[in-house]
Amino acid sequence: MKPDLSGMGQAGQPAPPAVMVIFGASGDLTKRKLIPALYNLAAEGLLTDELAVVGLARREMSHEQFRQKLTDDIKVFATNTVDAGLWEKFVKRLYYLRADLTEPRTYERLRDLLAQVDRNHGTRGNYFHYLATAPKFFATVTEQLGGAGLIDQEENCWRRVIVEKPFGHDLQSARFLNRDIRKVLDEEQIYRIDHYLGKETVQNILVFRFSNGIFEPVWNRRYIDHIQITVSESVGIEQRGGYFELSGALRDMVPNHMFQLLSLTAMEPPISFEADAVRDEQAKVLRAIQPIRPEEVLSRTVRGQYGEGKVDGEMLASYRDEALVAEDSRTETFVALKLFVDNWRWAHVPFYLRTGKRLPKRATEIVIQFRRAPFILFRQTGIEKLGRNRLVLRLQPNEGISLSFGAKIPGPVVRLGEVNMDFHYADYFGAKSSTGYERLLYDCMLGDATLFQRADMVEAGWEVVEPILDVWKALPPRNFPNYAAGSWGPKEADDLIQADGHEWTKCGPESGVRNDRRL
Ligand code: BG6
């Protein structure tokens with residue numbers, strides 16, 4: 001099936017009849033994202049009436065109680081106004097099963113329930129199982145589903161499994177998990193989700209690069225000086241201390257979300273938008289990332305942990321004071337890296353990545369910093385005063401793209417200002433809210449895995465990160481906490497980029513502009 005990256009093509013066709021089976025249905029993901037996303041698809045006319053949901057979780061609940069719970073939840077988490085009539089039709093197709101995920105009996109009961117749902121709603125034996133459980137259950141659930149015959153595909157029905165992140169804890173565990181789930185599933189049945197790929201602006205990286213003739217010719221080391229990728233979050237770790245203590249910012253964000261952004265930015269044009277054509281190119285980029293040698297880890301990476309800090313007059317607690325966090329925790333809440341992609345296109349172009357919690361604002365941006373123009377016409381000007389063209393892809397919030405360039409400030413004296421060409425999604429396409437999961441669920445039902453990670457991509461990501469994890473573990477940080485909540489991270493992150501004569505670009509609407517550069 002061809003993906004629809006342009007918003008045309010297959011879009012508009014309702015997904016085929018199916019049952020979505022959600023493991024971990026009482027958790028946050030179900031109420032905040034999955035059900036609102038399904039509802040949005042239904043509202044767009046992209047689901048048929050032959051779509052049902054079976055939720056599984058530990059607690060005792062009847063189908064009716066589950067429906068009532070989700071009816072209450074949708075009022076809070078819907079991204080658009082809920083149409084009562086549509087919801088009423090939808091909610092009747094929700095089912096619940098109390099489950100112990102390690103018990104074979106659970107899967108027998110699930111099989112019986114699915115047969116009944118097939119009969120009631122004409123779902124035709126098409127199932128996609130969504131593993132929204134703790135990762136320790138991923139392999140068990142898959143194995144048990146296999147044992148119960150719930151992932152056997154026949155000619156006229158399909159069976160798929162969506163696996164949430166985190167996919168593994170390090171390289172070895174990711175390999176083991178791939179090995180375990182592939183004992184029972186074919187690669188084509190596995191949909192490893194990375195919710196960043198559900199974001200319109202992330203999908204637009206491909207459209208921007210490959211549907212415009214003017215950018216790709218300069219998208220390489222001859223014209224690009226360096227690239228910055230920032231995923232900055234103003235929130236702390238919220239209620240996830242237990243998870244975050246074991247994960248840390250590096251595992252949580254880098255091999256998955258940030259490497260998606262990096263690979264989409266750096267990949268070669270795929271020969272088509274078929275899933276494997278796109279993923280082959282992404283995988284090649286990930287494999288081309290130069291492994292950081294152990295002796296380089298400390299000079300090419302920065303880790304940080306937030307201490308207390310004041311934001312808008314409010315005092316914010318330090319990471320170590322958050323619930324379920326050790327008093328002397330060494331877990332990083334900030335990371336910055338300098339990477340190189342060793343291929344013809346990107347040789348010697350640094351990619352600077354940074355992400356952190358409790359930074360001053362929420363902003364996900366990719367900055368393409370072009371090289372300076374030759375100076376012939378502006379010989380009298382100090383090099384440092386000449387601006388450089390900068391293309392900023394603002395992925396969230398204030399979604400848009402801006403290109404900065406130099407312009408003459410009107411007046412008798414030649415003065416150069418840096419100005420911006422600015423595109424805002426909201427101005428052109430309105431501000432339609434979505435959960436970011438609509439496209440991913442829809443694609444899974446259509447059998448289009450373009451926006452899902454393949455086994456080799458996941459492992460290639462972990463391969464880059466593994467040496468960093470190893471060195472960081474062997475040499476625990478001594479200076480945590482090393483940045484104040486509400487600041488842009490530890491000073492070392494500035495040093496990392498300044499050592500090469502660059503600065504982190506300010507995030508947000510002003511990211512492209514530096515005005516009034518006098519000649
Ligand atoms: C999740 C991480 O995968 O992504 C979180 O576990 C992080 O720690 C979140 O906050 C960021 O997602 P978004 O869509 O808010 O940028």
Side-chain angles (χ1 to χ4, degrees), residues 24 27-30 32-34 36-37 40 77 79 130-135 138 162-170 174 191-205 229-262 264 303-306 316 319 322-325 329 331-335 353-366 393-400 425 433-441 451-453 457-458 461-462 465 485 489 507-508:
D28 263 14
L29 191 72
T30 303
R32 283 176 190 270
K33 303 288 183 187
L34 301 182
N40 287 345
F77 299 111
T79 59
Y130 197 117
L131 309 191
T133 63
F138 292 168
I162 302 183
V163 189
E164 255 298 331
K165 88 179 255 274
F167 198 95
H169 187 68
D170 54 15
Y191 288 68
R192 297 173 192 80
I193 210 162
D194 183 315
H195 80 277
Y196 264 53
L197 291 175
K199 295 179 191 283
E200 288 291 343
T201 47
V202 174
Q203 294 163 25
N204 189 48
I205 299 171
I229 302 180
T230 297
V231 180
S232 149
E233 296 189 274
S234 52
V235 291
I237 48 149
E238 298 172 297
Q239 310 311 317
R240 300 161 72 220
Y243 158 76
F244 211 83
E245 274 287 87
L246 296 175
S247 159
L250 179 64
R251 287 189 174 93
D252 188 43
M253 298 298 287
V254 176
N256 34 65
H257 308 324
M258 297 201 81
F259 281 0
Q260 294 297 341
L261 303 182
L262 187 152
L264 293 172
R303 51 193 156 160
Q305 186 192 77
Y306 60 85
L316 299 173
Y319 175 70
E322 306 270 14
L324 302 178
V325 171
S329 171
T331 302
E332 81 287 353
T333 58
F334 176 98
V335 41
L353 275 54
R354 65 175 168 165
T355 183
K357 303 279 185 196
R358 284 279 186 244
L359 301 186
K361 57 168 83 160
R362 175 168 183 253
T364 300
E365 297 193 352
I366 301 173
L393 308 181
R394 282 193 310 276
L395 306 180
Q396 62 184 20
N398 304 314
E399 289 80 358
Y425 276 81
S433 308
S434 71
T435 63
Y437 279 73
E438 289 79 358
R439 168 77 189 264
L440 298 173
L441 297 180
L451 297 177
F452 293 85
Q453 300 211 78
M457 296 164 71
V458 173
W462 280 116
V465 164
C507 290

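Counting convention: from 1, in listed order, for ligands and their atoms alike. Side-chain atoms are counted along with the backbone in the values below, which use heavy atoms only and exclude waters and symmetry mates.
A parallel orientation is assigned to the rings of Tyr196 and His257, their planes being inclined by less than 30° (bins at 30° and 60°). Aromatic ring orientation, Tyr130 versus Tyr437: tilted (interplanar angle from 30° to 60°).
Between Arg394 and Glu365 there is no salt bridge, since no side-chain nitrogen of the basic residue lies less than 4.0 Å from a carboxylate oxygen of the acidic one. Electrostatic pairing of Asp28 and Lys33 does not count as a salt bridge here, judged by no charged N lying under 4.0 Å from a carboxylate O.
Here Phe452 pairs with Tyr191 under the ring-ring contact (aromatic ring centres under 6.0 Å, His included) rule; sequence neighbours left out.
Looking only at distances, a side-chain donor or acceptor of Glu438 sits under 3.5 Å from a matching main-chain atom of Thr435.
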List below, pair by pair, the N or O atoms of ligand 1 and of the protein that are less than 3.5 Å apart, including the distance to 0.1 Å; reply 'none' if no pair qualifies.
residue, atom, partner, partner atom, Å
ligand 1, 3 (O), Lys165, NZ, 2.8
ligand 1, 3 (O), His257, NE2, 2.7
ligand 1, 4 (O), His257, NE2, 3.4
ligand 1, 6 (O), Lys165, NZ, 3.0
ligand 1, 6 (O), Arg240, NH2, 2.8
ligand 1, 6 (O), Asp252, OD1, 2.6
ligand 1, 6 (O), Asp252, OD2, 3.4
ligand 1, 8 (O), Arg240, NH1, 2.9
ligand 1, 8 (O), Asp252, OD2, 2.6
ligand 1, 8 (O), Lys357, NZ, 2.7
ligand 1, 10 (O), Glu233, OE1, 3.2
ligand 1, 10 (O), Glu233, OE2, 2.5
ligand 1, 10 (O), Lys357, NZ, 3.0
ligand 1, 12 (O), His195, NE2, 3.1
ligand 1, 14 (O), His195, NE2, 2.8
ligand 1, 14 (O), Lys199, NZ, 2.6
ligand 1, 16 (O), Tyr196, OH, 2.5
ligand 1, 16 (O), Gln396, NE2, 2.7

